[in-house]
Every structure is written in C-alpha cells, then in structure tokens.
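Chain letters run A, B, ... following the sequence lines, proteins first, then strands; residues in each count from 1.
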There are 2 protein chains.
Amino acid sequence: MSDLLERLRGRGWRMTAQRRVVAEVLDGEHVHMTADEVHARAVTKLPEISRATVYNTLGELVTLGEVIEVTTDRRAKRYDPNAHRPHHHLVCARCGAIRDVHPTGNPLADLPDAERFGFTVSDVEVTYRGLCPDCAGI
Amino acid sequence: MSDLLERLRGRGWRMTAQRRVVAEVLDGEHVHMTADEVHARAVTKLPEISRATVYNTLGELVTLGEVIEVTTDRRAKRYDPNAHRPHHHLVCARCGAIRDVHPTGNPLADLPDAERFGFTVSDVEVTYRGLCPDCAGI
DNA sequence: TCCTACGTTGGACTTTGTCTAAGTCAAATG
DNA sequence: CATTTGACTTAGACAAAGTCCAACGTAGGA
C-alpha cells in the first residue's frame with residue numbers, strides 16, 4: 001500500500017490533502033474500517049475533511065481496484081485495503097468482527113456453466129460466518 | 001413451502017391473517033423479494049397490513065430457519081424461501097438480479113483450522129458476482 | 001500568475017430498517 | 001359460548017448509512 005499515492009498519481013488523480021489523508025489512514029494496519037471510522041481517523045489529521053469526501057474517495061479507490069468493499073450485513077460497508085492479495089472473510093455473527101482468510105480451493109471453478117444463466121461471472125466472495133472466541137464465550 | 005403454515009402452527013405460532021398472507025406471498029415463485037416487495041404483495045391481499053408486521057414476520061421466519069436472508073449489498077435485504085435446499089447466489093453487479101446456484105465443492109471443508117482464528121464457524125455464503133445477460137449487453 | 005476543471009463542503013434528502021405505546025385478537029380456559 | 005390474557009399488529013417517530021447538490025476552493029497546466 002505504501003506506493004498507493006504514486007499509483008494514483010499515475011492514474012491521473014489530482015492529489016489533494018484530503019485524498020492523501022484518506023490513503024494514509026487506509027495504509028495503517030487497521031483493516032476493515034467503516035467509512036465513518038476512516039472519517040474519524042482522517043479528521044485527526046485534517047480536521048476540516050467532510051464525510052462526503054471520505055465517501056467519494058473510498059468509492060474511487062474501490063473503482064480503481066485499490067480497495068475492496070466488504071458488505072457482510074446491513075451494518076456499514078467495510079473497506080479492505082488488502083486488495084492485491086486475494087482472500088475471503090470470516091465474520092462474527094454477533095459482534096461483526098472480520099478476519100481475512102485464505103481457503104484452499106477455487107470457487108470460481110466450482111460453478112458449472114449450466115449454473116451461470118448467461119451471466120458474465122467475474123468474481124466470487126466467500127463469507128464464513130460463526131462466533132469469534134469472545135462472543136462464543138458469552 | 002406448502003406445509004409452511006402447518007410447521008409454523010406446530011412451532012406454537014399464533015396464526016393471524018397477517019402471517020398467513022406473508023407466508024402465502026413467499027410461497028409464490030417470486031424468490032428473492034425485498035421486504036418492501038413482500039409488503040407490496042401482501043397489501044393486495046390484506047390492505048391494512050403494516051410494514052412493521054412484514055418486517056417482524058420475515059424476521060421470525062428467518063429465525064425459525066424457514067427463510068434465508070440474503071445481503072448482497074447495501075440495498076435492501078432479500079428473502080429466500082428456498083431455505084431447505086442448500087445453495088448459493090449469483091448476483092448482477094449492475095441491476096441486482098439474483099439467481100440461486102449450486103456450485104460443486106464444499107467451501108466449509110476448504111477453510112483450514114489454522115485459518116479459523118478460534119471462531120466457531122457455522123456457515124458459509126458464496127456470492128458470485130458478474131453481469132446478467134441484459135446488463136452485459138448494455 | 002492566472003484559469004478552469006476537478007475536488008470539496010455542509011446540509012438536505014433518501015432508503016432501509018427498528019422501536020414504541022396503544023390497541024386488537026387468537027386461542028386457552030372454564 | 002363467554003371470558004381472559006398475553007401475543008400480535010399498527011402508525012408513526014426515529015435511526016443509521018449513504019447519496020446528492022449547488023456553491024465554493026484549489027491543483028496543476030498554460
């Protein structure tokens with residue numbers, strides 16, 4: 001992620017303080033943040049940044065394929081900067097905690113043509129659900 | 001789904017006109033409806049039924065395992081009455097159309113213990129994404 | 001340095017869903 | 001069959017997450 005800013009500049013991004021700050025926030029080890037969490041952290045570095053800009057920037061990063069949007073439930077979407085290493089997710093059904101996981105197998109290959117209904121299938125998302133150690137203990 | 005009402009009665013459900021209507025709506029071949037779509041259809045059979053009751057009833061059916069809740073994005077949840085035949089979903093990234101699919105393989109078996117982080121994993125959801133024939137043509 | 005198109009802002013608005021207090025009714029009971 | 005009671009339903013207020021918009025600001029090219 002460290003050369004993210006270079007890649008973005010290369011793609012014709014106008015570099016603004018706001019975009020830099022959002023990219024910096026995502027660059028930390030805090031993976032799977034909601035837009036609001038990203039905004040909260042961004043504000044500590046650039047107090048006047050608006051929610052709308054955070055949403056815009058995250059949306060652009062998703063479009064560019066630099067960040068993955070993870071929708072595990074009706075709570076807020078989460079943003080995963082680990083876009084360049086394919087992976088799936090394990091989600092706690094109670095508290096919403098998320099972990100990246102790397103199952104074996106290739107689910108894309110497991111979907112026969114007869115089951116594609118003419119769709120152009122481009123992606124699979126596998127979401128494992130269960131209880132995290134903390135929530136299982138309750 | 002035809003004996004759904006019997007099963008519900010057997011589980012101690014108080015049978016009301018509203019619940020009967022919601023069950024009837026789900027019983028049609030219209031799979032993957034949103035709560036609002038269910039409500040719209042229910043209203044044609046029982047004009048005074050309220051949104052809250054539809055939400056309540058759908059929630060109860062999900063808890064009872066009679067209906068599966070499908071969250072593919074931040075749009076409305078969808079309700080899948082096909083709960084007794086395990087399957088996964090293929091979603092159009094543009095228009096949101098959903099199809100049930102039956103991939104080969106067993107994703108649960110594909111998640112090594114080392115990748116479970118102490119979670120009690122109970123379920124997997126596989127979501128294939130792509131463009132449906134209509135949207136691919138645009 | 002100046003221009004201008006691209007980016008940002010705040011606030012209103014939308015969509016989905018949840019909550020609540022008051023009223024209604026299914027069905028157990030006598 | 002009448003009574004009773006707590007489970008169900010209702011309308012509408014509320015909440016969370018995200019989108020939209022018109023006015024303003026500024027990065028970066030000329």
ask   = Are A:Asp36 and A:Arg51 ion-paired here, with the side-chain N under 4.0 Å from a carboxylate O?
value = yes
key: Sidechain N-carboxylate O distance under 4.0 Å for A:Arg11, A:Glu60   = no
Which one, [options], comes nearest to the side chain of [X]?
X	options	answer
B:Met15	C:dT9, C:dA27, C:dT18	C:dA27
A:Ile49	D:dG18, C:dT9, D:dT10	C:dT9
B:Thr16	C:dT8, D:dC8, C:dT16	D:dC8
B:Lys77	D:dG18, C:dG17, C:dT8	C:dG17
B:Thr53	C:dG17, D:dT10, C:dG11	D:dT10
B:Ser50	D:dT10, C:dT16, D:dT19	D:dT10

A:Glu48 or B:Ala17, whichever maps to the more 5' nucleotide of DNA chain C = A:Glu48
query = Which sits closer to the 5' end of DNA chain C, A:Thr57 or B:Ala52, going by the nucleotide each is nearest to?
reply = A:Thr57
Whole-Å distance separating the [atom1] atom of [X] from the [atom2] atom of [N]:
X	N	atom1	atom2	value
B:His39	C:dT18	NE2	P	15 Å
A:Asn56	D:dC20	CG	P	10 Å
B:Arg74	C:dT15	CZ	P	13 Å
B:Arg75	C:dG17	CZ	P	13 Å
B:Arg11	D:dA7	CZ	P	18 Å
A:Met33	D:dG18	CE	P	14 Å
A:Leu8	D:dG28	CG	P	12 Å
B:Arg9	D:dA7	CZ	P	19 Å

Look at the side chain of [X] against the base of [N] and say whether a donor-acceptor pair falls under 3.5 Å; ignore hydrogens and angles.
X	N	result
A:Arg19	C:dG7	no
A:Arg51	D:dG18	yes
B:Arg14	D:dA7	yes

query = Any side-chain donor paired with an acceptor under 3.5 Å for B:His89 and B:Asp80?
reply =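 Judged by distance alone, the side chains do pair up.
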query = So, is A:Gln18 close to the D:dT26 phosphate, meaning a side-chain N or O under 4.0 Å from OP1 or OP2?
reply =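 No, because none of the side-chain N or O atoms of A:Gln18 sits under 4.0 Å from OP1 or OP2 of D:dT26.
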ask   = Considering only heavy atoms from C-beta outward, does the side chain of B:Asp27 approach that of B:Pro81 to under 4.5 Å?
value =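 In short, these two side chains do not touch, never coming nearer than 4.5 Å.
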ask   = Taking A:Arg129 for the side chain and A:Thr72 for the main chain, is one N or O donor matched with an acceptor at less than 3.5 Å?
value =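 Side chain of A:Arg129 to backbone of A:Thr72, a donor-acceptor pair under 3.5 Å: yes, one is there.
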